[in-house]
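To keep things clear, I will list the structure first and then write my remarks on it.
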Amino acid sequence: MNELLRRLLFLPPQASTISSSVDHLHYVVILTTIASAIGLSLLSLYWIVRYRRRESDDIEPPAESAPTTSLWVELGIAGLLFALFFAWWIVGFGQYLRMRVAPANTYDVYVTAKQWMWKFAYPEGAHSIAQLYVPAGRPIRLVMSSRDVIHSFYVPDFRLKQDVLPGRYTTLWFEAPTPGKHEILCAEYCGTNHSTMRAEVVVLSPEDFGRWLAGRGGDPTTAAPPDGDPAVVTSVGPGKPMSLERVGEQVAAQVGCLRCHTLDGTPHIGPTWAGVYGTQVPLADGTHVLADGEYLTESMMDPMVHIRAGFQPVMPSYLGRLQPAETAAIVELIKSLRDVQAPSPGVVPPSQQGLAPPGVTVMPRMQGDVRVGPNGPEVPQP
Ligand code: CUA
């Protein structure tokens with residue numbers, strides 16, 4: 001029955017754990033609508049015949065007291081329709097929650113959309129373009145952001161669609177029970193080549209996926225993108241895949257984060273990154289905020305929104321300067337430092353050796369470096 005209706009309605013294959021329940025709700029709605037439409041058409045046909053215009057002597061004189069529909073019948077019909085609507089709403093809302101709330105043990109993949117391609121970064125450091133590799137039978141969470149305009153991540157076979165926005169993260173989760181390939185489309189008009197912004201989900205068996213991660217390929221049917229493709233984290237050269245937190249270290253050094261922030265708990269121009277993740281950090285306005293991925297991302301993109309207590313508001317915005325995957329890598333780095341304790345006072349930590357004290361102008365060492373001037377760090381605009 002499911003298969004027959006799916007074919008009749010030209011629906012794509014059901015390839016995720018939620019697609020069949022989405023379709024079932026669709027069937028109920030569309031069958032109810034078809035049945036109601038047929039019922040109403042037959043009724044009007046009957047009325048057309050029954051109340052057609054007749055010769056004047058045919059017309060029956062109206063009865064003394066014309067029979068009227070009972071109020072209870074009317075109320076009953078109205079109640080039934082309302083109950084039907086309410087039942088759909090409850091079933092639909094339950095499905096919505098199931099689709100939106102990811103299980104606890106997901107495998108996270110970072111997705112970057114840009115005109116006009118999809119890029120994927122994996123926690124182990126592998127990355128791919130236009131092909132999202134995932135293991136079958138395991139819940140996958142996509143943490144998505146855009147480098148330019150609004151895109152929309154759409155996998156018809158999974159019955160999933162989610163907008164992807166610049167400067168912000170949106171998430172999506174799914175589980176594909178069996179290996180296979182499924183089309184990814186961009187479902188938000190995003191410029192000239194919007195229609196070519198396609199990719200595919202390659203669902204591999206857990207063993208194949210492990211092999212792919214280990215060697216970025218090996219199995220010709222799951223060929224990895226050829227070397228030389230621009231990596232998701234382009235500022236990190238080709239070579240052995242690195243974990244996201246290692247990538248975070250490199251990026252933080254390259255874009256100048258470490259000129260103001262330390263990794264070992266020592267206070268500097270900016271708050272240290274050690275032991276901050278997951279804590280309530282005090283703000284200049286006397287309130288506190290939870291230092292989670294969302295707050296840390298906001299601190300990089302829009303640093304003036306929440307000023308940390310005891311620090312000058314000198315942090316420049318990195319919106320447009322850090323790619324989403326780089327931001328994610330820095331968040332992973334800060335997360336990995338959550339248990340680091342501050343050193344005993346008097347010891348000069350290695351991360352601070354060779355750094356100019358605040359207020360001293362330092363010539364930029366490389367493009368994108370932060371210059372520390374009298375008013376704090378300055379970022380050269382490209
Ligand atoms: Cu990206 Cu349309």
Side-chain angles (χ1 to χ4, degrees), residues 10-16 18-19 22 26 96 99-100 102 106-123 126-134 140-174 176 180-203 223-226 228-236 244 247 251 293-294 297-298 300-302 317-329 331 382:
F10 298 99
L11 296 177
Q14 298 162 338
S16 75
I18 57 143
S19 27
V22 171
H26 182 51
Y96 175 78
M99 287 169 73
R100 299 305 314 181
T106 53
Y107 178 76
D108 290 3
V109 179
Y110 293 89
V111 180
T112 306
K114 59 170 281 200
Q115 288 168 322
W116 287 274
M117 61 176 77
W118 297 100
K119 298 175 168 188
F120 308 97
Y122 306 78
H127 41 73
S128 57
I129 292 175
Q131 270 159 329
L132 167 61
Y133 293 89
V134 294
I140 311 292
R141 192 169 72 115
L142 303 178
V143 183
M144 310 189 290
S145 194
S146 166
R147 279 177 61 179
D148 35 49
V149 298
I150 301 179
H151 303 271
S152 187
F153 185 91
Y154 178 34
V155 185
D157 292 1
F158 292 172
R159 311 290 189 272
L160 282 182
K161 191 191 281 178
Q162 172 64 52
D163 275 10
V164 182
L165 299 100
R168 211 164 112 179
Y169 281 81
T170 49
T171 60
L172 199 61
W173 85 273
F174 65 87
K181 288 187 177 185
H182 309 284
E183 197 172 30
I184 301 171
L185 303 167
C186 178
E188 177 65 51
Y189 181 69
C190 56
T192 318
N193 293 330
H194 157 70
S195 60
T196 64
M197 189 169 163
R198 289 154 174 263
E200 62 181 357
V201 188
V202 182
V203 184
D229 265 353
V232 173
V233 180
T234 46
S235 50
V236 175
L244 268 187
V247 174
V251 173
E294 193 182 340
T297 304
E298 181 200 75
M300 287 181 254
M301 299 306 150
D302 209 352
S317 169
Y318 280 81
L319 186 63
R321 300 190 66 235
L322 279 178
Q323 297 173 21
E326 294 175 325
T327 313
V331 170

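Just the heavy atoms: all of them, side chains too, but no hydrogens, waters or symmetry mates, feed the values below. Numbering of ligands and ligand atoms starts at 1, following listing order.
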**OP:** May I ask you to decide if Met99's main-chain N or O and Trp173's side chain share a donor-acceptor pair within less than 3.5 Å?
**Re:** yes

Subject >> Nearest heavy atoms of Met300 and Val331, plus distance in Å >> reply: CE-CG2, 3.8 Å

Original post:
Out of the N/O/S atoms in Glu188, what is the name of the one closest to atom 2 (Cu) of ligand 1?
Top reply: O

Original post:
Counting backbone and side chain alike, does Met197 bring an N/O/S atom below 2.8 Å of atom 1 (Cu) of ligand 1?
Top reply: yes

Original post:
Is there a donor-acceptor pair closer than 3.5 Å between any side-chain N or O of Asp148 and the backbone N or O of Gln115?
Top reply: yes

Subject >> N/O/S atom name from His151 that is nearest to the position of atom 1 (Cu) of ligand 1 >> reply: ND1

Original post:
SG (Cys190) to atom 1 (Cu) of ligand 1 to SG (Cys186): angle, nearest 10 degrees?
Top reply: 120°

Original post:
Nearest to atom 2 (Cu) of ligand 1, which N, O or S atom of His194 do we find?
Top reply: ND1

**OP:** Check step by step if side-chain hydrogen bond (donor to acceptor under 3.5 Å, both in side chains) holds for Tyr122 and Ser128.
**Re:** CA-CA 9 Å; Tyr122 306 78; Ser128 57; 2.9 Å; yes

Original post:
Is there a donor-acceptor pair closer than 3.5 Å between any side-chain N or O of Glu183 and the backbone N or O of Arg198?
Top reply: no

